[in-house]
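We count ligands from 1, going down the list as the structure has it; atoms in each ligand are counted the same way.
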Amino acid sequence: MTDSNVRVRFAPSPTGKLHIGGARTAIYNWAFARAMGGKFILRIEDTDPERSTEENTQIILRAMRWLGLDWDEGPEVGGEFGPYHQTQRFDTYKAALDTLIERGAAYPCFCTKEQLDAKRAAAEAAGEAYAGYDRTCRDLDPAEAKARIEAGEPHVWRLKVPLDHGPIEFDDAVYGHMSFPADVMDDMILVRTDGTPTYNFAVVCDDANMQITHVIRGDDHLSNTPRQILIYEALGLPVPTFAHLSMILGGDGKKLSKRHGATSVEEYKAQGFLPDTMVNFLALLGWSLDGETTIIPRDVLCREFSLDRVTKKDAVFDETKLEWMNGQYIKEMDAAEWVELSRPWLAEAFAAGTRAAANADEAASLEELRAFVADGTVAESEVAPFVDEELAAGEADVDARPEWYAKLYPLVAERETRLTDAAEKFPYMFWGSHVELDPKSVKKVLLKDGARADEALKACREVLANAEAWECDPMQEACRALCEPLDMKAKALFQPLRVAVCGNMVSPPLFESIELLDRADVLARIDYTLKVMEALQD
Ligand code: GLU
């Protein structure tokens with residue numbers, strides 16, 4: 001079922017980054033609009049001057065773009081219902097207030113904060129629950145009210161909640177039928193003394209003026225909804241359909257918060273998660289396609305999303321599942337896309353590798369290795385963070401030869417669960433003729449049975465030096481053929497080569513890596529390793 005009249009909005013307050021909960025709300029609105037063939041609107045609710053910043057707005061827009069949540073109307077794209085920042089819509093709130101005044105549905109209230117506080121304190125002292133504003137100014141003589149306003153007396157504007165209003169009822173698309181008693185609603189403030197609208201008033205004005213048909217938002221707003229309905233009714237406007245989304249809990253069953261780790265979209269991006277993963281994963285926090293499918297690409301989501309499959313049960317954020325899902329998306333993507341998305345981490349791998357090669361000091365490395373072999377001493381080494389120039393050089397290298405970087409993809413596609421993994425895995429690709437030997441690997445693989453390792457390395461060197469085609473498979477086969485004459489298992493033969501070329505025993509596939517390096521560099525690394533072995537065995 002589609003309905004091109006559907007208009008939904010995501011309305012973040014730019015008081016912080018785009019958090020996981022907000023991102024899920026955005027995804028649901030976006031997917032619903034796409035599935036219905038309607039419109040998705042982005043509105044910035046920046047009326048809180050103390051906490052809203054332009055910087056946060058930009059961070060939110062960037063996160064939305066990164067997630068691939070395109071909006072049909074809103075900041076940067078415009079639209080016929082703009083502007084899309086609340087601070088630019090004050091004239092519309094003023095007009096709505098005028099309508100309410102005209103309809104006799106709003107009144108000025110001159111009670112000061114001190115007076116209200118005193119009433120609250122008195123109620124509390126008497127052991128009574130404070131029932132909200134006591135409507136002191138509701139029945140002021142209109143002429144008197146007018147005179148006081150004209151005299152410049154500070155005042156707010158309040159909603160005149162009908163005294164005979166029965167329960168406020170609505171059918172929430174997620175929570176079902178809801179009913180709230182109206183007699184506990186006090187006459188809420190619509191416009192503050194300084195002329196700014198309250199949240200409930202601004203939201204209703206905007207949703208009405210922007211012809212929003214469905215309000216999909218977090219259930220922390222559930223208690224605002226009856227108040228907002230009273231405002232719609234007072235303005236004589238149709239009430240949209242509401243859909244409130246349940247809470248997102250951490251693995252421990254408590255509301256997701258900083259304690260659980262990353263909470264903003266930006267942080268997940270920095271940790272090497274893909275936008276496709278985040279959209280898929282967050283979509284499943286409260287919605288399901290059929291109760292079992294876990295990999296739901298965005299085109300399927302945009303076709304199949306519906307509010308009737310949204311549950312009111314709290315959703316649990318399962319980090320392990322997120323990690324697994326990211327691995328699935330990495331496995332499925334194409335190499336060029338991987339390069340593009342991995343760019344910052346490939347640049348880091350480049351920076352790490354080229355720096356290590358530039359600072360290579362054979363004598364010092366030998367000393368370190370000797371100390372480790374002798375008594376397990378590990379030299380304190382602190383890696384200084386990369387400077388901008390190093391990273392820029394890395395990015396330039398990625399830009400200069402993306403095809404070469406694309407060849408790294410198959411080396412990690414099956415194993416990588418985060419794009420950040422690339423930074424740790426590939427520095428050896430940028431060492432040139434140098435190799436950084438990991439002391440543990442040297443001890444375990446090269447020195448334990450030194451004579452055999454030496455023999456293996458020399459035999460492999462010979463094969464590689466004479467390989468006709470510098471290609472993974474024939475090189476691997478030719479080396480493997482050494483097992484029999486040398487009476488060695490493949491592992492005993494290949495591990496020393498791995499350490500000599502990649503520096504340690506836990507690197508990505510060996511011959512695939514060798515193919516991507518220069519022959520002269522590979523041979524130089526082997527020669528250097530043989531020299532180190534000899535020195536250590538003296
Ligand atoms: N600006 C509100 C918030 O960020 C959302 C209001 C709404 O969706 O109605 O919580």
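Ligand-side atoms of ligand 1 in range of R9: 7 (C), 8 (O), 9 (O), range being under 4.0 angstrom from any heavy atom. Here is the list of ligand 1 atoms found below 4.0 Å of a heavy atom in E45: 1 (N), 2 (C), 5 (C), 6 (C). Heavy-atom contacts of S13 reach the following atoms of ligand 1: 1 (N), 2 (C), 3 (C), 4 (O) (cutoff under 4.0 Å).
With sequence neighbours left out, the side chain to side chain donor-acceptor pair (under 3.5 Å) criterion links R24 to no other residue. Contacts of T87 classified as side chain to side chain donor-acceptor pair (under 3.5 Å), with partners at least two apart in sequence or in another chain: D46.
With respect to R9, the side-chain contact (heavy atoms from CB on, under 4.5 Å) criterion is satisfied by exactly one of D206, V203, T213: V203. Between L230 and the choices D187, N200, L159, the side-chain contact (heavy atoms from CB on, under 4.5 Å) rule is met once, by L159.
Using a 4.0 Å heavy-atom cutoff, Y199 is listed among the residues neighbouring ligand 1.
Considering backbone and side-chain N/O atoms, R217 comes within less than 3.5 Å of an N/O atom of ligand 1.
With respect to atom 5 (C) of ligand 1, the closest heavy atom belonging to the protein is A11 O, 3.4 Å. Of all protein heavy atoms, the one closest to atom 10 (O) of ligand 1 is H221 NE2, 2.9 Å.
Contact check on D290 versus R309 returns no salt bridge, with no Lys/Arg side-chain nitrogen under 4.0 Å from an Asp/Glu carboxylate oxygen.
In this structure, CD in Q86 is found 4.5 Å from OG1 in T47, a value given to the nearest 0.5 Å.
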